[in-house]
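What follows is one structure encoded as structure tokens, with my remarks underneath.
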Amino acid sequence: PRVLVLEDLAPGLKPAQKAFANPKVAVAEPGAPVAVSFAPTASKKRFEHTSVGLSFETSDLADERWDPAKGYLDELVGALDQPSLRFGGNSVDRRVWWTSSDEPAPEWAEATVTPADLKRLATFVAKTKATVTVVVDLGHKDPARAADFVAHAHQALGDRLVAVSIGNEPNGFALASQPQYRMRPDGYSPQQYIAEVRPYVEAIHAKVPGLGIAGPGTFDAPWWRAFGDAKLPDTVAMSQHWYPLWSCDGVAEPNAAPTVANMTSRWVHDRASFILGMGLQTASRYKLPLWMEETGPTSCPGTNDTSRTHAQALWTADFTLHAAALGVQRLNHHGMIDSCRGGAPMSPLCDTGPKGGASPELMGQANYLALLQLARLGEGAMRPVRVSGDDNVLGYAIETDAGLDVVIVNLNDPAAVGASALSVTVPEGLAATEASVLWADTLGVRNGTSLIPWSPLTELPDAVNAGSVLAVRFSAA
């Protein structure tokens with residue numbers, strides 16, 4: 001491959017400024033002034049490297065571009081600063097065949113994964129310093145084969161393999177509304193799922209004693225409770241999946257239809273508090289952390305009004321920080337290594353070549369730029385933030401070893417309103433030293449998001465633009 005830099009791989013990424021300045025706004029009419037203040041002490045919730053993560057289809061493991069010598073995937077993932085990676089998705093139970101002995105694949109398999117693929121991933125993970133969770137095939141009821149996969153994954157990845165899940169979204173194995181994903185007869189229950197999982201855990205632990213088990217990787221509370229009640233040995237986390245814009249035709253829930261207005265609505269933000277709150281409450285009942293192992297803005301197939309828009313980038317930034325502030329410890333935005341033209345439209349990464357090909361020149365999309373901005377935040381405890389003046393402006397803060405990193409997300413449409421005057425009650429002993437901004441001219445623009453990375457700051461910005469994510473670092477004066 002050609003020698004490229006991150007700005008080539010993530011269109012919209014700008015060079016750092018010598019002195020940070022907000023982009024000029026296109027609309028003169030200002031937004032409502034906003035004031036930002038902070039709670040006196042931090043919460044027990046934390047923002048970690050694992051808060052910024054990616055989820056891929058298990059079928060992607062067969063892709064040779066996980067070899068750092070064969071593409072730029074390592075540059076894109078490595079720039080996220082030790083992210084969490086997860087391999088699962090619908091493919092794991094339906095389309096992926098694992099073999100360590102070169103058995104011929106069955107007719108249903110569309111991809112074959114072998115030990116060589118896991119060794120290649122190990123090289124990738126060592127270079128990017130990522131941590132990994134994997135999902136094994138429950139759909140075909142083969143605990144021995146799943147355990148063999150996990151044993152080879154552990155041999156290759158070592159301590160960077162932090163947990164395994166059994167099956168992807170088993171609550172969707174028999175849904176009448178999703179016949180294309182059916183793997184079980186009508187009436188498949190959480191209790192039947194647990195009965196199938198137990199021999200998997202036993203087989204896995206016979207090969208890799210003590211390996212962490214996470215689950216159930218579902219979007220339905222009864223399955224979380226069944227997983228917790230099962231008390232499987234070495235359970236390390238409860239995992240949840242959620243896509244807020246799930247009502248594809250808008251009939252069942254108009255607020256959850258995949259539109260730009262919904263994606264940046266306060267309703268979707270508040271709905272996240274409710275849905276994640278249920279998961280967190282359930283996990284807490286079993287004294288487990290909550291992982292959001294698979295998420296994205298919409299579960300609706302194909303391209304829609306939200307695809308590749310700036311609104312998707314704003315949602316990504318807000319949801320990632322919101323989840324961390326609520327207490328989610330590991331979060332993975334789902335996608336796949338597919339063509340930018342005709343491939344999965346919500347995927348943070350895509351292939352710049354034609355569909356069906358395998359170009360080494362992958363690209364980060366608008367939501368990747370949002371993750372890239374958040375990846376530069378420091379790790380630390382979340383300090384509650386109060387933003388007054390506009391319900392569409394949200395704030396987050398992280399106490400770091402160096403000071404306080406503050407992020408302000410303005411969900412207003414920059415095509416309709418300009419900047420909002422900004423006042424910040426700066427914590428005593430801290431001064432603004434760096435800033436970064438993610439922005440675009442409209443919420444609905446496709447592939448039009450830009451990011452100014454962290455740049456030196458001489459004084460606190462006096463405004464936050466509509467449709468932007470403004471990050472400011474406060475350091476000890």
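Residues: numbered from 1 along the sequence shown.
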Is the backbone N or O of L61 less than 3.5 Å from a side-chain atom of R120, with the two atoms forming a donor-acceptor pair by type? yes

Aromatic rings F56 and F87: how do their planes relate, parallel, tilted or perpendicular, breaks at 30° and 60°? parallel

Distance-minimising heavy-atom pair for F227 and A214: CZ-C, 3.7 Å

What I'd like to find out is whether the side chain of S43 reaches to under 4.5 Å of the side chain of M382, using heavy atoms alone. yes

Less than 4.5 Å apart, side chain to side chain, heavy atoms only: is that true for L422 and L470? yes

Would you check if N168 and E294 make a side-chain contact, meaning some heavy-atom pair closer than 4.5 Å? yes

Does A26 offer a backbone N or O that forms a donor-acceptor pair with the side chain of D441 under 3.5 Å? no

Is R330 close enough and on-axis enough to W291, meaning under 6.0 Å and within 45°, for cation-pi? yes

What's the verdict on side-chain hydrogen bond (donor to acceptor under 3.5 Å, both in side chains) for T352 and E361, showing C-alpha distance, side-chain angles and the deciding distance? CA-CA 6 Å; T352 60; E361 296 180 11; 4.7 Å; no

Any side-chain donor near an acceptor of the partner, T218 and E169, under 3.5 Å: no

Please identify each residue that fulfils salt bridge (Lys or Arg N to Asp or Glu O under 4.0 Å) with D63, with sequence neighbours left out. R65

Any donor-acceptor pair under 3.5 Å from N255 side chain to V268 backbone: no

Quick one: does M238's side chain get under 4.5 Å of P216's, heavy atoms only? yes

May I ask you to test the L288-L290 pair for a side-chain heavy-atom distance under 4.5 Å? no

Using modelled atom types and a 3.5 Å cut-off, is there a donor and acceptor pairing between side-chain atoms of S284 and backbone atoms of Q281? no

Using every non-hydrogen atom in the two residues, find where Q312 and N367 come nearest and quote the distance to one decimal. OE1-ND2, 3.0 Å

Short side-chain donor-acceptor distance under 3.5 Å, E253 and S247: no

Within the side chain of Q17, is there an N or O that forms a donor-acceptor pair under 3.5 Å with the backbone of A21? yes

Do Y396 and R383 come within less than 4.5 Å of each other through their side chains, counting heavy atoms only? no

Can you name the residues that form a salt bridge (Lys or Arg N to Asp or Glu O under 4.0 Å) with K127, not counting sequence neighbours? D74

Without hydrogens or angle criteria, can the side chains of D390 and N412 be said to hold a donor-acceptor pair below 3.5 Å? yes

Partners of T298 by side chain to side chain donor-acceptor pair (under 3.5 Å), sequence neighbours excluded? none

Where do N262 and A257 come nearest, in terms of heavy atoms and distance? ND2-O, 2.9 Å

CG on N465 to CG on L438, rounded to 0.5 Å: 11.5 Å

Does a salt bridge link E379 with R46, judged by any charged N lying under 4.0 Å from a carboxylate O? no

Can you confirm whether the side chains of S37 and T425 place a donor and an acceptor under 3.5 Å from each other? no

List the atom of D351, the atom of S359, and the distance in Å for their closest heavy-atom pair. OD1-CB, 2.8 Å

Before giving the answer on side-chain hydrogen bond (donor to acceptor under 3.5 Å, both in side chains), spell out for H241 and T295 the whole-Å C-alpha distance, their side-chain angles and the decisive distance to 0.1 Å. CA-CA 6 Å; H241 295 183; T295 190; over 6 Å; no

Enter the distance from L451:CG to L13:CG here, rounded to the nearest 0.5 Å. 5.5 Å

Which value, rounded to the nearest 0.5 Å, describes the distance between K14 atom NZ and L369 atom CG? 10.0 Å

Between S84 and T50 (side chain of the first, backbone of the second, donor and acceptor by atom type, cut-off under 3.5 Å), is there such a pair? yes

Quick one: CZ on R446 to OG1 on T303, what's the gap to the nearest 0.5 Å? 6.5 Å

State whether a side-chain donor-acceptor pair under 3.5 Å links E57 with H334. yes

So D81 and R376, salt bridge (Lys or Arg N to Asp or Glu O under 4.0 Å) or not? Walk me through it. CA-CA 7 Å; D81 193 12; R376 297 297 192 271; over 6 Å; no

Under 3.5 Å, side chain of D405 to main-chain N/O of A471, donor-acceptor pair present? no

Which heavy-atom pair separates L276 from M292 by the least distance, and what is that distance? CD2-CE, 3.0 Å

When you compare the side chains of D318 and H269, does any donor N or O come within less than 3.5 Å of an acceptor on the partner? yes

Do the non-hydrogen side-chain atoms of L411 and L394 ever get within less than 4.5 Å of each other? yes

Under the 3.5 angstrom rule, does the side chain of S436 hit a backbone N or O of I452 as a donor-acceptor pair? yes

Given side chains that start at C-beta, do those of L404 and I398 come closer than 4.5 Å, heavy atoms only? no

Looking at A311 and V260, what are the two nearest heavy atoms and their distance? CB-CG1, 3.8 Å

Interatomic distance, OG1@T128 vs CG@L76, rounded to 0.5 Å, equals 11.5 Å

Between F274 and W267, does the ring-ring contact (aromatic ring centres under 6.0 Å, His included) criterion hold? Intermediate values first, please. CA-CA 11 Å; F274 175 73; W267 185 90; 9.9 Å; no

Donor-acceptor pair, side chain of Q365 and main chain of S347, under 3.5 angstrom: yes

Ignoring hydrogens and angles, tell me if any N or O in the side chain of T58 forms a donor-acceptor pair with the backbone of V92 under 3.5 Å. no

From R95 CZ over to S59 OG, what is the distance, rounded to the nearest 0.5 angstrom? 5.5 Å

I'd like to know whether the aromatic ring centres of F124 and W66 sit less than 6.0 Å apart in this structure. yes

